[in-house]
Amino acid sequence: MKIEVDLRDKKIQDNKKIMLEIIKQDDEAFTYASKKLKSDHSFNLKAIKNNKKVYQWMLDKFKYDNKTIIFEAVRKDDKDNPFKQQYFDFKNINPKFRDDFDLVKACLKVNGSYFEDISDRLKSNKELALMAISQEWGASVYDTKNSINDEELLYAHA
């Protein structure tokens, strides 16, 4: 059963439950949510759990400076990789997160090319380098130049 709603209606825009249901079906509906909802961490977290594509419509403070939201955004699910066609600019996340091992590892599982933007400290981590090289959109052996003489990395790249 399909129900039509008027997204210009303020009562709809302020209703967390209704907006989350609409967002499940259409990520762009997030743009119609009230400012109050868009600024609410729990709403953003539930929205991205409902529809990964909603990430592109979120406020920067959630997209780039909220570890919980970023983790949820890069978490793979049964529906496939959410960022094959979506925007996720790893370069814009808070620099402290580019040095967070667990977050970087989660991001590299989605896209190995993020390796070029992680902290220098983590670039020398062999586990992360192997993960980045072996991804579909993997890092090149030149991105992992700190380990260029490592035989296992060279084999993984080949």
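What's counted below: heavy atoms across the whole structure, side chains too, no hydrogens, waters or symmetry copies.
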| Within the distance-only criterion (no hydrogens, no angle test), does the side chain of Asp65 pair as donor or acceptor with the backbone N or O of Asn94 below 3.5 angstrom? |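 Pair absent, no side-chain N/O of Asp65 close to backbone of Asn94.
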| query | Does the Asn44 side chain pair with the main chain of Asp40, one donor and one acceptor, at a distance under 3.5 Å? | reply |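 The answer is yes, because a donor-acceptor pair under 3.5 Å joins these two groups.
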| field | Aromatic ring pairing His41/Phe62, orientation class (parallel under 30°, perpendicular over 60°, tilted between) | value |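 Plane angle between 30° and 60°, so tilted.
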| When you look at NZ of Lys46, are more than 12 heavy atoms from neighbouring residues, nucleotides or ligands closer to it than 6.0 Å? |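 Counting other residues, nucleotides and ligands, NZ of Lys46 stays at 12 neighbours or fewer.
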| field | Intermediate values then yes/no, salt bridge (charged side-chain N to carboxylate O under 4.0 Å, His left out), Arg98 and Asp117 | value | CA-CA 7 Å; Arg98 287 186 253 144; Asp117 297 310; over 6 Å; no
| message | So if I apply the side chain to side chain donor-acceptor pair (under 3.5 Å) rule between Gln56 and each of Thr31, Asp89, Asp27, which one comes out positive? | response |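 Output: one option passes, namely Asp27.
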Roughly how far, to the nearest 0.5 Å, is [atom2] of [Y] from [atom1] of [X]?
X: Lys126; Y: Ile133; atom1: NZ; atom2: CD1; value: 10.5 Å
X: Met19; Y: Tyr32; atom1: CE; atom2: OH; value: 9.5 Å
X: Leu103; Y: Lys96; atom1: CG; atom2: NZ; value: 11.0 Å
X: Ser34; Y: Ile12; atom1: OG; atom2: CD1; value: 11.5 Å
X: Asn66; Y: Glu72; atom1: CG; atom2: CD; value: 11.0 Å
X: Tyr64; Y: Leu59; atom1: OH; atom2: CG; value: 11.5 Å

| task | Apply salt bridge (charged side-chain N to carboxylate O under 4.0 Å, His left out) to Asp100 and Lys67, showing your working. | result | CA-CA 10 Å; Asp100 181 299; Lys67 190 174 176 178; 2.5 Å; yes
| message | Ring centres under 6.0 Å, that's the criterion: do Phe30 and Phe43 meet it? | response |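 For Phe30 and Phe43, the ring centres are under 6.0 Å apart.
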Do the side chains of [Y] and [X] get nearer than 4.5 Å, heavy atoms only?
X: Thr68; Y: Leu45; answer: yes
X: Val104; Y: Tyr114; answer: no
X: Asn51; Y: Lys24; answer: no

Give the minimum heavy-atom separation between [X] and [Y], together with the two atoms involved.
X: Ser42; Y: Lys16; result: OG-NZ, 2.7 Å
X: Lys123; Y: Glu116; result: NZ-O, 2.9 Å
X: Ile23; Y: Ala47; result: CG2-O, 4.0 Å
X: Asn15; Y: Ile18; result: OD1-N, 3.0 Å
X: Gln13; Y: Leu37; result: O-CD1, 3.1 Å

| query | Could you walk me through whether Phe101 and Leu128 pass the side chain to side chain contact (heavy atoms under 4.5 Å, CB included) check? | reply | CA-CA 9 Å; Phe101 181 85; Leu128 295 177; 3.7 Å; yes
| task | Start with the C-alpha gap between Lys53 and Glu28, add the side-chain angles, then the distance that decides, and say whether salt bridge (charged side-chain N to carboxylate O under 4.0 Å, His left out) holds. | result | CA-CA 8 Å; Lys53 294 177 184 178; Glu28 198 170 348; over 6 Å; no
| request: Tell me, with the steps shown, if Met58 and Lys38 meet side chain to side chain contact (heavy atoms under 4.5 Å, CB included). | output: CA-CA 7 Å; Met58 289 181 169; Lys38 287 181 194 175; over 6 Å; no
| request: Test Lys11 against Asp9 for salt bridge (charged side-chain N to carboxylate O under 4.0 Å, His left out), laying out the working first. | output: CA-CA 5 Å; Lys11 288 181 183 176; Asp9 183 335; over 6 Å; no
| Salt bridge present between Asp99 and Arg121 (N-O < 4.0 angstrom) |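 The answer is yes: the pair qualifies as a salt bridge.
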| Between Ile93 and Ile70, is a side chain to side chain contact (heavy atoms under 4.5 Å, CB included) present by the stated rule, with each step listed? | CA-CA 9 Å; Ile93 69 170; Ile70 296 169; 3.8 Å; yes
